[in-house]
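Let me begin by presenting the structure, written as structure tokens, before commenting on it.
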Amino acid sequence: RIYFDPLVFTIGAKNDYHTTIQTIRMIAREGFKTSIGLSNLSFGMPKREALNAAFLSLCVEAGLKAAILNSKEITTTNTLHGALMLRGEELTKEKNVTEDPLISAITSGRQDEVMRITKEYLKEHSPLHISQNILTKAMEEVGKLYSTGKIYLPHLILAADTVQPIFEYLNSLIDSAPAKLGKVLLATVQGDVHDIGKKIVATVLRSGGFEVHDIGKDVPAEKIFQEVQKLKPDIVGLSAMMTTTVGQVKLIADMLKSHGIRVMIIAGGASMNNQLAKSFDVHYAKNAHQALELCKKIMAEIGGDER
Ligand code: B12
């Protein structure tokens, strides 16, 4: 709560502005916060706004945490935004992009709060319900905020980093059953690093009695092909979250078919849907719960119960 306030010298009186910047840097290095009265710098000078803005940017780079400044100076405020973005801290200036407390906690990186809300939900709902119906919905909203330009890529990354351990925590609460129903190979297709949802699918399939081999994200078709030959799964599950990567599902399906490998393929992810899956000649499941039901149905059809 304590801010140090290093004096800003007036450059018009031939003072060296470096002294203030060095002081800010030194205090920041010790782990303390600083604040300055900005306009003192340009007292008696022409182009005051330009000078204030340039100086503020240097101070931010040195670790300045707060400033008394004229927020009507457009150059100053724009420069401040740019300087904070360079420092990766624009996020702390949280804009009120949503009224929803969960989504707000996710997009602003307040993991403790997300965990607190999750634990509240756990009093009444199962981990899977929270994963699929509460957190996944929240992440869909985060995706919408991103695609409509209300939040930016750093927020998306922060949101993912914030929520991932919570999904993992919920996954850890879901018990595995003996793996006897069948073998599933899971992968997120090449070009796609989204894997939060696929990990949930893996957990839920394990809990339902499947042996699951998750071979990762951004996996090239050739690698999936090789792993299918090696592991001989009953079912291959492919996750594709983007319109640019969804075509990989067809590529893999065609590759397996053209080599005479008869394996059931299920696909899911934000850019997948029933119609698309049909056109790729694969099966579709909207979420982890449906994926488990689908896998059980497939095993019943191909005689997996007798394995
Ligand atoms: C978190 C997230 C990220 C994180 C991913 C972190 C991680 N380790 O996964 C980060 C920040 C890295 C990221 C990056 C990007 N992302 Co992103 N991301 C999201 C977001 C907000 C949430 C995804 C998520 O985790 N949801 C929660 C989980 C639980 O749900 P789920 O993934 O849908 O999974 C469920 C089902 O889909 C299904 N399922 C999933 N996989 C499988 C597999 C099988 C076999 C089955 C049966 C079912 C199934 O079951 C799961 C559990 O119920 C989505 C928005 C959205 N609508 O999904 C955008 C979204 C997918 N991302 C998007 C974009 C554009 C990007 C970037 C290109 C941004 C950029 N400019 O760099 C990059 C791409 C990076 C890359 N090459 O992959 C777009 C894609 C748009 C499109 N149509 O192509 C989306 C839709 C956001 C948007 N609305 O614009 N992203």
Side-chain angles (χ1 to χ4, degrees), residues 91 98 102-103 106-107 109 114 118 126-171 174 184-205 207-208 210 212-219 224 233 235-249 252-253 263-274 276-277 280 282-298:
L91 300 176
T98 170
L102 177 61
I103 299 170
I106 292 173
T107 52
V114 181
T118 302
S126 70
L128 182 59
H129 177 89
I130 299 168
S131 231
Q132 281 191 177
N133 299 310
I134 297 168
L135 284 184
T136 301
K137 296 260 152 51
M139 289 310 277
E140 277 166 19
E141 286 309 310
V142 170
K144 277 184 202 151
L145 290 172
Y146 169 72
S147 61
T148 51
K150 297 204 173 82
I151 60 170
Y152 299 99
L153 188 56
H155 302 89
L156 189 66
I157 295 171
L158 182 68
D161 288 348
T162 305
V163 90
Q164 197 148 2
I166 312 288
F167 276 116
E168 273 159 24
Y169 167 69
L170 291 169
N171 284 348
I174 301 173
V184 183
L185 183 146
L186 279 182
T188 303
V189 299
Q190 184 165 33
D192 208 320
V193 302
H194 298 87
D195 66 350
I196 297 175
K198 184 205 56 183
K199 283 184 187 163
I200 297 173
V201 173
T203 305
V204 171
L205 291 183
S207 79
F210 283 89
V212 178
H213 297 260
D214 182 350
I215 62 166
K217 57 190 175 184
D218 190 14
V219 188
I224 294 174
I235 298 168
V236 174
L238 301 173
S239 186
M241 293 290 286
M242 298 191 290
T243 35
T244 47
T245 57
V246 82
Q248 285 285 318
V249 173
I252 295 157
V263 61
M264 289 302 208
I265 301 176
I266 64 168
S271 287
M272 205 62 212
N273 57 50
N274 230 336
L276 202 57
F280 292 174
V282 301
H283 299 269
Y284 169 71
K286 188 175 164 46
N287 56 38
H289 174 70
Q290 282 188 14
L292 176 61
E293 293 310 310
L294 180 59
C295 286
K296 282 182 178 167
K297 188 166 160 252
I298 289 173

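Sequence positions, counted from 1, serve as the residue numbers for this chain. Start at 1 and go down the list; that is how both ligands and their atoms are numbered. Atoms considered below: every heavy atom in the structure, side chains included; atoms not considered: hydrogens, waters and symmetry mates.
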Handout entry: For Ile157, the ligand 1 atoms whose distance to one of its heavy atoms is below 4.0 Å
Key = 11 (C)

Problem - Exercise: identify the closest heavy-atom pair between Leu153 and Tyr146 - result: N-CE1, 3.7 Å

Handout entry: Side chain, backbone, both or neither: the part of Phe167 lying under 4.0 Å from ligand 1 by heavy atom
Key = side chain

Exercise for the section: Tell me which protein heavy atom sits closest to atom 39 (N) of ligand 1, plus the residue, atom name and distance to 0.1 Å. Expected result: Gly269 N, 3.7 Å

Exercise for the section: Would you check if Leu292 and Phe210 make a side-chain contact, meaning some heavy-atom pair closer than 4.5 Å? Expected result: yes

Handout entry: Per atom 45 (C) of ligand 1, closest listed option by heavy atom (Val163, Val201, Leu238, Thr162)
Key = Leu238

Problem - Which of the ligand 1 atoms, numbered from 1, are nearer than 4.0 Å to a heavy atom of Asp192 - result: 78 (O)

Practice task
Output yes when a protein non-hydrogen atom is found under 4.0 Å of atom 81 (C) of ligand 1, and no otherwise.
Solution key: no

Practice task
Decide whether an N or O pair under 3.5 Å exists between Ala288 and ligand 1.
Solution key: yes

Problem - Criterion side chain to side chain contact (heavy atoms under 4.5 Å, CB included) on Asp192 and Val246, from CA distance to verdict - result: CA-CA 9 Å; Asp192 208 320; Val246 82; over 6 Å; no

Fill in the blank from the handout: shortest atom 55 (C) of ligand 1-to-protein heavy-atom contact is with Gly143 CA, 3.7 Å

Practice task
List every atom of ligand 1 that sits less than 4.0 Å from any heavy atom of Ala270, numbering the atoms from 1 in the order shown and giving each element.
Solution key: 58 (O)

Problem - atom 86 (C) of ligand 1: any protein heavy atom closer than 4.0 Å - result: no

Handout entry: Distance (rounded to the nearest 0.5 Å) between Leu185 CG and Ile224 CD1
Key = 7.5 Å

Exercise for the section: Evaluate the 4.0 Å heavy atom contact test for atom 3 (C) of ligand 1: does a protein atom fall under the cut-off? Expected result: yes

Fill in the blank from the handout: for atom 48 (C) of ligand 1, nearest protein heavy atom and its distance come out as Gly268 CA, 3.5 Å

Practice task
For ligand 1, note which part of Glu140 has a heavy atom under 4.0 Å away: side chain, backbone, both or neither.
Solution key: both

Exercise for the section: From the options Ser271, Gly197, Ser131, select the one whose nearest heavy atom is closest to atom 34 (O) of ligand 1. Expected result: Gly197

Problem - Donor-acceptor pair, side chain of Lys198 and main chain of Gly216, under 3.5 angstrom - result: yes

Practice task
Report yes or no: does a heavy atom of Gln290 sit under 4.0 Å from some atom of ligand 1?
Solution key: no

Handout entry: Heteroatom distance test (Thr243, ligand 1): nitrogen or oxygen, under 3.5 angstrom
Key = yes

Practice task
Look only at interatomic distance and state if Tyr146 has a nitrogen or oxygen under 3.5 Å from any nitrogen or oxygen of ligand 1.
Solution key: yes

Fill in the blank from the handout: Looking at His194, Met241, Met139, the heavy atom closest to atom 58 (O) of ligand 1 belongs to Met241

Exercise for the section: Before signing off on this row, confirm whether Ile200 and ligand 1 have an N or O atom pair separated by under 3.5 Å. Expected result: no

Completion exercise
For Val193, the atoms of ligand 1 under 4.0 Å from one of its heavy atoms are 7 (C), 8 (N), 9 (O), 75 (C), 76 (C), 78 (O)

Practice task
Return yes or no for this condition: an N or O of Ala160 is under 3.5 Å from an N or O of ligand 1.
Solution key: no

Exercise for the section: Could you tell me which atoms of ligand 1, counted from 1 in the order shown, lie closer than 4.0 angstrom to a heavy atom of Thr136? Expected result: 29 (C), 30 (O)

Handout entry: Shortest protein heavy-atom distance from atom 74 (C) of ligand 1, along with the residue and atom involved
Key = Met242 SD, 3.6 Å

Fill in the blank from the handout: atom 77 (N) of ligand 1 sits nearest the protein heavy atom Gly191 O, 2.9 Å

Exercise for the section: Could you check if a side-chain atom of Ile103 sits within less than 4.5 angstrom of a side-chain atom of Leu145, using non-hydrogen atoms only? Expected result: yes

Handout entry: Asp218 vs Thr188, side chain to side chain contact (heavy atoms under 4.5 Å, CB included): CA-CA, chis, key distance, verdict
Key = CA-CA 6 Å; Asp218 190 14; Thr188 303; over 6 Å; no

Fill in the blank from the handout: Per-atom filter on ligand 1: closer than 4.0 angstrom to a heavy atom of Ala291 are 47 (C)

Fill in the blank from the handout: protein heavy-atom neighbour closest to atom 8 (N) of ligand 1 works out as Asp195 OD1, 2.8 Å

Fill in the blank from the handout: The option among Ser147, Ser239, Ala202, Ala138 carrying the non-hydrogen atom nearest to atom 90 (O) of ligand 1 is Ser147

Practice task
Would you indicate whether the side-chain heavy atoms of Val142 and Leu156 approach each other to under 4.5 Å?
Solution key: yes

Exercise for the section: Please check atom 13 (C) of ligand 1 for a protein heavy-atom neighbour under 4.0 Å. Expected result: yes

Exercise for the section: Examine distances only and state if a side-chain atom of Ser207 and a backbone atom of Val204 form a donor-acceptor pair shorter than 3.5 Å. Expected result: yes

Practice task
For Ile235 and Leu205, run side chain to side chain contact (heavy atoms under 4.5 Å, CB included): C-alpha distance rounded to whole Å, both residues' side-chain angles, the deciding distance at 0.1 Å, then the answer.
Solution key: CA-CA 11 Å; Ile235 298 168; Leu205 291 183; over 6 Å; no

Handout entry: Per-atom contacts, ligand 1 versus Leu153 - under 4.0 Å to a heavy atom
Key = 69 (C), 70 (C), 72 (O)

Practice task
Quick one: closest heavy-atom pair of Thr245 and Val189, and the distance?
Solution key: O-CG2, 3.5 Å

Problem - Under 4.0 Å to a heavy atom of Asn287 - the qualifying atoms of ligand 1, by number - result: 38 (C), 50 (O), 53 (O)

Exercise for the section: Work out whether the distance between some heavy atom of Lys286 and some atom of ligand 1 is less than 4.0 Å. Expected result: yes

Exercise for the section: Carefully, step by step, assess Met242 and Val193 under the rule side chain to side chain contact (heavy atoms under 4.5 Å, CB included). Expected result: CA-CA 10 Å; Met242 298 191 290; Val193 302; over 6 Å; no

Practice task
Please check if atom NE2 in His289 has more than 12 non-hydrogen atoms from other residues, nucleotides or ligands closer than 6.0 Å.
Solution key: no

Exercise for the section: With the side chain counted from C-beta on, respond yes when Gln290 and Asn287 share a heavy-atom pair under 4.5 Å apart, and no when they do not. Expected result: yes

Problem - Atom pair CD1/NE2 of Ile266 and His283 - distance to nearest 0.5 Å - result: 9.0 Å

Practice task
Taking the side chain as every heavy atom from C-beta outward, state whether His155 and Tyr152 have any atom pair closer than 4.5 Å.
Solution key: yes

Practice task
Output yes when Lys144 and Glu141 qualify as a salt bridge under the 4.0 Å nitrogen-oxygen rule, no when they do not.
Solution key: yes

Handout entry: Salt-bridge present (Lys199, Asp214; N to O < 4.0 Å)
Key = no

